[in-house]
**Student:** 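If you scroll down you'll find the structure; I have some questions about it.
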Amino acid sequence: MSEPHVALLDRLADTIASLHPDRRIRIAIDGVDGVGKTMLADALAPLVIGRGRPAIRASVDDFHNPKSVRYARGKHSPDGFYLDSYDYHAFRRLLLDPLGRDGSGDYVARYFDHRSDRRVETARQQAPPTAALIVDGIFLHRPELQPCWDLSIFLKAEFGISVPRGAARDQTPEATDPASPAYRRYVGGQRLYLGACEPERRANIVIDYNDLQQPQIVKWAVRGA
(Lines give C-alpha, C1' and ligand atoms only; values in the text may rest on other atoms or scores of the structure.)
Protein backbone atom coordinates (compact mmCIF):
# COMPACT_ATOMS: atom_id res chain seq x y z
CA MET A 1 0.00 0.00 0.00
CA SER A 2 1.37 3.41 -0.96
CA GLU A 3 2.30 6.13 1.54
CA PRO A 4 -0.59 8.39 0.40
CA HIS A 5 -3.04 5.53 0.91
CA VAL A 6 -1.64 4.76 4.36
CA ALA A 7 -1.90 8.46 5.27
CA LEU A 8 -5.51 8.53 4.10
CA LEU A 9 -6.37 5.45 6.17
CA ASP A 10 -4.76 6.99 9.24
CA ARG A 11 -6.71 10.22 8.82
CA LEU A 12 -9.98 8.35 8.36
CA ALA A 13 -9.29 6.11 11.35
CA ASP A 14 -8.44 9.11 13.54
CA THR A 15 -11.67 10.79 12.48
CA ILE A 16 -13.84 7.74 13.17
CA ALA A 17 -12.17 6.96 16.48
CA SER A 18 -12.79 10.49 17.78
CA LEU A 19 -16.32 11.01 16.43
CA HIS A 20 -18.99 11.11 19.19
CA PRO A 21 -16.80 9.09 21.55
CA ASP A 22 -19.58 8.68 24.14
CA ARG A 23 -21.97 6.69 21.94
CA ARG A 24 -22.27 4.26 19.04
CA ILE A 25 -21.80 5.65 15.54
CA ARG A 26 -22.61 4.38 12.03
CA ILE A 27 -20.22 4.95 9.13
CA ALA A 28 -21.12 4.42 5.44
CA ILE A 29 -18.56 3.67 2.75
CA ASP A 30 -20.38 4.11 -0.55
CA GLY A 31 -19.29 4.02 -4.19
CA VAL A 32 -19.86 2.20 -7.45
CA ASP A 33 -19.31 -1.54 -7.65
CA GLY A 34 -15.63 -2.44 -7.86
CA VAL A 35 -14.30 0.89 -6.61
CA GLY A 36 -12.70 -0.58 -3.47
CA LYS A 37 -15.26 -0.08 -0.70
CA THR A 38 -14.77 -3.44 1.00
CA MET A 39 -11.00 -3.15 0.87
CA LEU A 40 -11.12 0.27 2.51
CA ALA A 41 -13.62 -0.79 5.18
CA ASP A 42 -11.64 -3.93 6.02
CA ALA A 43 -8.46 -1.88 6.37
CA LEU A 44 -10.13 0.79 8.51
CA ALA A 45 -11.76 -1.44 11.12
CA PRO A 46 -8.53 -2.72 12.77
CA LEU A 47 -7.05 0.78 12.71
CA VAL A 48 -10.08 2.13 14.58
CA ILE A 49 -9.81 -0.73 17.08
CA GLY A 50 -6.12 0.06 17.50
CA ARG A 51 -7.08 3.58 18.52
CA GLY A 52 -9.18 2.20 21.35
CA ARG A 53 -12.65 2.20 19.81
CA PRO A 54 -14.59 -1.04 19.16
CA ALA A 55 -15.49 -1.51 15.49
CA ILE A 56 -18.15 -3.66 13.82
CA ARG A 57 -17.88 -4.55 10.12
CA ALA A 58 -20.95 -5.13 7.99
CA SER A 59 -22.03 -4.91 4.36
CA VAL A 60 -25.32 -4.15 2.66
CA ASP A 61 -24.51 -7.16 0.46
CA ASP A 62 -25.64 -9.35 3.36
CA PHE A 63 -29.14 -7.83 3.11
CA HIS A 64 -30.10 -8.69 -0.46
CA ASN A 65 -33.66 -9.39 -1.50
CA PRO A 66 -34.45 -12.88 -2.81
CA LYS A 67 -33.78 -13.48 -6.50
CA SER A 68 -37.53 -13.48 -7.22
CA VAL A 69 -37.66 -9.86 -6.05
CA ARG A 70 -34.32 -8.73 -7.50
CA TYR A 71 -35.18 -9.91 -11.02
CA ALA A 72 -38.91 -9.22 -11.03
CA ARG A 73 -38.42 -6.34 -13.52
CA GLY A 74 -36.18 -8.47 -15.73
CA LYS A 75 -32.70 -9.93 -15.39
CA HIS A 76 -31.09 -7.03 -17.29
CA SER A 77 -33.18 -4.20 -15.85
CA PRO A 78 -31.25 -1.20 -14.48
CA ASP A 79 -34.39 -0.17 -12.58
CA GLY A 80 -34.52 -3.60 -10.99
CA PHE A 81 -30.91 -3.36 -9.87
CA TYR A 82 -31.36 0.10 -8.35
CA LEU A 83 -34.82 -0.37 -6.83
CA ASP A 84 -35.01 -4.04 -5.89
CA SER A 85 -31.56 -5.36 -4.96
CA TYR A 86 -31.70 -4.86 -1.19
CA ASP A 87 -34.10 -5.33 1.70
CA TYR A 88 -33.68 -1.93 3.31
CA HIS A 89 -36.39 -2.61 5.87
CA ALA A 90 -34.41 -5.56 7.26
CA PHE A 91 -31.15 -3.62 6.91
CA ARG A 92 -32.46 -0.85 9.15
CA ARG A 93 -34.50 -3.01 11.53
CA LEU A 94 -31.76 -5.55 12.25
CA LEU A 95 -28.55 -3.52 11.93
CA LEU A 96 -28.76 0.23 11.54
CA ASP A 97 -31.53 1.14 13.97
CA PRO A 98 -30.24 -1.00 16.88
CA LEU A 99 -26.84 0.69 16.54
CA GLY A 100 -28.28 4.20 16.34
CA ARG A 101 -28.21 6.84 19.06
CA ASP A 102 -31.28 5.44 20.84
CA GLY A 103 -30.89 1.82 19.73
CA SER A 104 -30.68 -1.22 21.95
CA GLY A 105 -27.28 -2.31 20.60
CA ASP A 106 -28.77 -5.76 19.91
CA TYR A 107 -28.00 -6.29 16.22
CA VAL A 108 -27.76 -8.82 13.37
CA ALA A 109 -24.94 -8.31 10.87
CA ARG A 110 -26.02 -10.85 8.21
CA TYR A 111 -29.54 -11.55 6.99
CA PHE A 112 -29.51 -13.02 3.47
CA ASP A 113 -27.02 -14.91 1.28
CA HIS A 114 -27.68 -13.93 -2.33
CA ARG A 115 -25.44 -16.72 -3.64
CA SER A 116 -27.58 -19.47 -2.12
CA ASP A 117 -30.71 -17.28 -2.28
CA ARG A 118 -31.52 -18.11 1.33
CA ARG A 119 -31.98 -16.40 4.66
CA VAL A 120 -29.00 -16.64 6.99
CA GLU A 121 -29.57 -17.83 10.54
CA THR A 122 -27.26 -15.51 12.45
CA ALA A 123 -27.24 -15.03 16.21
CA ARG A 124 -27.90 -11.57 17.57
CA GLN A 125 -24.95 -9.76 19.05
CA GLN A 126 -24.65 -6.95 21.58
CA ALA A 127 -22.58 -3.98 20.48
CA PRO A 128 -20.31 -2.18 22.93
CA PRO A 129 -21.73 1.22 23.95
CA THR A 130 -19.16 3.20 21.93
CA ALA A 131 -18.80 0.89 18.91
CA ALA A 132 -18.27 2.23 15.40
CA LEU A 133 -20.29 0.35 12.78
CA ILE A 134 -18.46 0.48 9.44
CA VAL A 135 -20.73 -0.50 6.54
CA ASP A 136 -19.68 -0.83 2.91
CA GLY A 137 -22.00 -1.06 -0.07
CA ILE A 138 -23.61 0.59 -3.05
CA PHE A 139 -26.62 2.90 -2.84
CA LEU A 140 -25.93 3.90 0.78
CA HIS A 141 -27.02 7.51 0.22
CA ARG A 142 -30.55 6.57 -0.74
CA PRO A 143 -33.18 8.71 1.06
CA GLU A 144 -34.28 5.86 3.35
CA LEU A 145 -30.69 5.37 4.55
CA GLN A 146 -29.33 8.91 4.58
CA PRO A 147 -30.55 9.75 8.13
CA CYS A 148 -28.77 6.71 9.56
CA TRP A 149 -25.19 7.83 9.04
CA ASP A 150 -23.06 9.73 11.53
CA LEU A 151 -20.39 9.92 8.84
CA SER A 152 -20.56 8.93 5.19
CA ILE A 153 -17.73 8.42 2.72
CA PHE A 154 -18.12 8.24 -1.06
CA LEU A 155 -15.37 6.66 -3.16
CA LYS A 156 -15.36 8.11 -6.64
CA ALA A 157 -14.08 6.36 -9.78
CA GLU A 158 -14.95 6.22 -13.47
CA PHE A 159 -16.78 3.11 -14.65
CA GLY A 160 -13.93 2.49 -17.08
CA ILE A 161 -11.73 1.92 -14.03
CA SER A 162 -14.12 0.44 -11.48
CA VAL A 163 -15.56 -2.22 -13.82
CA PRO A 164 -12.16 -3.78 -14.71
CA ARG A 165 -11.17 -3.50 -11.04
CA GLY A 166 -14.30 -5.41 -10.04
CA ALA A 167 -13.72 -7.96 -12.80
CA ALA A 168 -10.23 -8.61 -11.46
CA ARG A 169 -11.67 -9.04 -7.97
CA ASP A 170 -14.25 -11.52 -9.26
CA GLN A 171 -11.65 -13.28 -11.43
CA THR A 172 -13.55 -12.50 -14.64
CA PRO A 173 -10.87 -10.50 -16.49
CA GLU A 174 -12.63 -10.92 -19.83
CA ALA A 175 -15.57 -8.77 -18.64
CA THR A 176 -14.07 -5.28 -18.51
CA ASP A 177 -16.16 -3.11 -20.84
CA PRO A 178 -18.78 -1.07 -18.90
CA ALA A 179 -20.70 -0.52 -22.14
CA SER A 180 -21.14 -4.24 -22.82
CA PRO A 181 -24.61 -5.83 -22.54
CA ALA A 182 -23.37 -7.82 -19.53
CA TYR A 183 -23.17 -4.59 -17.54
CA ARG A 184 -26.40 -2.98 -18.72
CA ARG A 185 -28.18 -3.84 -15.47
CA TYR A 186 -25.36 -2.94 -13.11
CA VAL A 187 -23.85 0.17 -14.66
CA GLY A 188 -27.30 1.41 -15.68
CA GLY A 189 -28.68 0.94 -12.19
CA GLN A 190 -25.75 2.74 -10.63
CA ARG A 191 -26.12 5.64 -13.06
CA LEU A 192 -29.76 5.91 -11.93
CA TYR A 193 -28.57 6.08 -8.33
CA LEU A 194 -25.87 8.67 -9.02
CA GLY A 195 -28.38 10.89 -10.81
CA ALA A 196 -31.22 10.50 -8.31
CA CYS A 197 -29.32 10.63 -5.00
CA GLU A 198 -26.20 12.71 -5.74
CA PRO A 199 -24.00 10.85 -3.24
CA GLU A 200 -21.04 13.15 -3.86
CA ARG A 201 -23.10 16.08 -2.62
CA ARG A 202 -24.56 14.19 0.35
CA ALA A 203 -21.40 12.49 1.60
CA ASN A 204 -19.28 14.08 4.32
CA ILE A 205 -16.10 12.83 2.68
CA VAL A 206 -15.48 12.25 -1.04
CA ILE A 207 -12.31 10.52 -2.21
CA ASP A 208 -11.16 10.16 -5.80
CA TYR A 209 -10.27 6.47 -5.96
CA ASN A 210 -9.37 6.22 -9.64
CA ASP A 211 -5.74 5.60 -8.63
CA LEU A 212 -5.48 3.40 -5.55
CA GLN A 213 -1.84 4.39 -5.11
CA GLN A 214 -2.68 8.10 -5.13
CA PRO A 215 -6.16 8.59 -3.65
CA GLN A 216 -7.22 12.23 -3.67
CA ILE A 217 -9.48 13.90 -1.12
CA VAL A 218 -12.14 15.83 -3.04
CA LYS A 219 -14.28 16.83 -0.05
CA TRP A 220 -13.77 16.68 3.71
CA ALA A 221 -16.74 18.19 5.51
CA VAL A 222 -16.18 16.80 9.00
CA ARG A 223 -16.27 19.26 11.85
CA GLY A 224 -13.01 19.35 13.75
CA ALA A 225 -11.33 16.77 11.51
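Note that the numbering runs from 1 along the sequence shown for the chain.
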**Student:** Establish, from distance only, whether the side-chain atoms of Tyr86 and Asp61 form a donor-acceptor pair under 3.5 Å.
**Tutor:** yes
**Student:** For a quick test of reading the model, state the closest non-hydrogen atom pair linking Val69 to Asp84 and the distance between them.
**Tutor:** O-CB, 3.6 Å
**Student:** Please check if the number of heavy atoms outside Glu158 that lie under 6.0 Å from its CD is greater than 12.
**Tutor:** no
**Student:** Nearest 0.5 Å, please: how far is CG in Leu47 from CG in Asp42?
**Tutor:** 11.5 Å
**Student:** side-chain contact (heavy atoms from CB on, under 4.5 Å), that's the test. Do Arg92 and Leu145 meet it? Break it down for me.
**Tutor:** CA-CA 8 Å; Arg92 287 199 57 163; Leu145 300 180; 4.0 Å; yes
**Student:** Are Val222 and Ile205 close enough, and set up right, to give a side-chain contact (heavy atoms from CB on, under 4.5 Å), and what steps lead you there?
**Tutor:** CA-CA 7 Å; Val222 184; Ile205 297 170; 3.7 Å; yes
**Student:** Report the distance from atom CZ of Arg26 to atom CG of Leu133, rounding to the nearest 0.5 Å.
**Tutor:** 8.0 Å
**Student:** Checking Trp149 side chain against Asn204 main chain: does a donor-acceptor pair fall under 3.5 Å?
**Tutor:** no
**Student:** Looking only at side chains, do His5 and Tyr209 share a donor and an acceptor under 3.5 Å apart?
**Tutor:** yes
**Student:** Given Arg191 and Val32, is the side-chain contact (heavy atoms from CB on, under 4.5 Å) satisfied, shown in steps?
**Tutor:** CA-CA 9 Å; Arg191 289 191 190 280; Val32 298; over 6 Å; no
**Student:** Looking at Tyr82, I'd like to know if the NZ or CZ of Arg142 sits under 6.0 Å from its six-membered ring centre while staying within 45 degrees of the ring's axis.
**Tutor:** yes
**Student:** Charged N to carboxylate O under 4.0 angstrom, Lys156 versus Glu200?
**Tutor:** yes
**Student:** To the nearest 0.5 Å, what is the distance between CZ on Arg202 and OG on Ser152?
**Tutor:** 10.0 Å
**Student:** Are Ile56 and Val120 linked, directly or through other ILVMFWY residues, by side chains that come within less than 4.5 angstrom of each other?
**Tutor:** no
**Student:** Tell me the closest heavy-atom pair linking Asp62 and Arg110, and the distance in Å.
**Tutor:** OD1-NE, 3.4 Å
**Student:** Between Arg184 and Pro78, is any pair of side-chain heavy atoms under 4.5 Å apart?
**Tutor:** yes
**Student:** Grab the two heavy atoms, one from Ile16 and one from Ile25, that are nearest each other, plus how far apart they are.
**Tutor:** O-CD1, 3.6 Å
**Student:** For a quick test of reading the model, state the closest non-hydrogen atom pair linking Glu144 to Tyr88 and the distance between them.
**Tutor:** OE2-CD1, 3.6 Å
**Student:** Are any of the side-chain nitrogens in Arg23 or Asp102 under 4.0 Å away from the carboxylate oxygens of its partner?
**Tutor:** no
**Student:** Any donor and acceptor pair, going by atom type alone, linking the side chain of Lys75 with main-chain N or O of Arg185 inside 3.5 Å?
**Tutor:** no
**Student:** If hydrophobic clusters are built from ILVMFWY residues whose side chains come within less than 4.5 Å, do Ile49 and Tyr107 share one?
**Tutor:** no
**Student:** In terms of side-chain geometry, is the basic nitrogen of Asp113 or Arg118 positioned less than 4.0 Å from the acidic oxygen of its partner?
**Tutor:** no
**Student:** Could you go step by step and tell me if Asp136 and Arg57 meet the side-chain contact (heavy atoms from CB on, under 4.5 Å) rule?
**Tutor:** CA-CA 8 Å; Asp136 71 89; Arg57 274 286 289 118; 2.8 Å; yes
**Student:** Would you find a donor on one side and an acceptor on the other, under 3.5 Å apart, between the side chain of Arg165 and the backbone of Gly36?
**Tutor:** no
**Student:** Distance from Asn65 atom CG to Leu83 atom CG, nearest 0.5 Å?
**Tutor:** 11.0 Å
**Student:** Do the ring planes of Tyr183 and Tyr186 sit parallel (below 30°), tilted (30 to 60°) or perpendicular (above 60°)?
**Tutor:** perpendicular
**Student:** Quick one: CE on Met39 to CG on Leu44, what's the gap to the nearest 0.5 Å?
**Tutor:** 10.5 Å
**Student:** Between CD1 of Ile161 and CG of Asn210, what distance do you get to the nearest 0.5 Å?
**Tutor:** 4.0 Å
**Student:** The test is ring-ring contact (aromatic ring centres under 6.0 Å, His included); show your working for Phe139 and Phe81 and say whether it passes.
**Tutor:** CA-CA 10 Å; Phe139 307 155; Phe81 185 58; 5.5 Å; yes
**Student:** Answer whether the closest heavy-atom distance between the side chains of Leu95 and Phe63 falls below 4.5 Å.
**Tutor:** yes
**Student:** Is the number of heavy atoms from other residues, nucleotides or ligands under 6.0 Å of His76 NE2 greater than 12?
**Tutor:** no
**Student:** Looking at Val108, is its backbone amide N or carbonyl O close enough to the side chain of Arg124 to form a donor-acceptor pair, meaning the two atoms are under 3.5 Å apart?
**Tutor:** no
**Student:** Minimum heavy-atom separation for Ala203 to Ile153, with atom names?
**Tutor:** CB-C, 4.4 Å
**Student:** Within 45° of the ring axis of Trp220 and under 6.0 Å from its six-membered ring centre, is that where the NZ or CZ of Arg11 lies?
**Tutor:** yes
**Student:** Are the side chain of Asp117 and the backbone N or O of Lys67 linked by a donor-acceptor pair below 3.5 Å?
**Tutor:** yes
**Student:** Counting N and O atoms only, with roles assigned by atom type, does the side chain of Arg70 sit under 3.5 Å from a partner on the main chain of Gly80, one being a donor and the other an acceptor?
**Tutor:** no
**Student:** Do any N or O atoms from the side chain of Gln126 and from the backbone of Ser104 form a donor-acceptor pair under 3.5 angstrom?
**Tutor:** yes
**Student:** Charged N to carboxylate O under 4.0 angstrom, Asp150 versus Arg24?
**Tutor:** no
**Student:** If you look at every heavy atom in Thr130 and Arg53, which pair is closest and at what distance?
**Tutor:** O-NE, 2.7 Å
**Student:** Tell me if a side-chain donor or acceptor on Glu121 pairs with a main-chain N or O of Arg119 at a distance below 3.5 Å.
**Tutor:** no
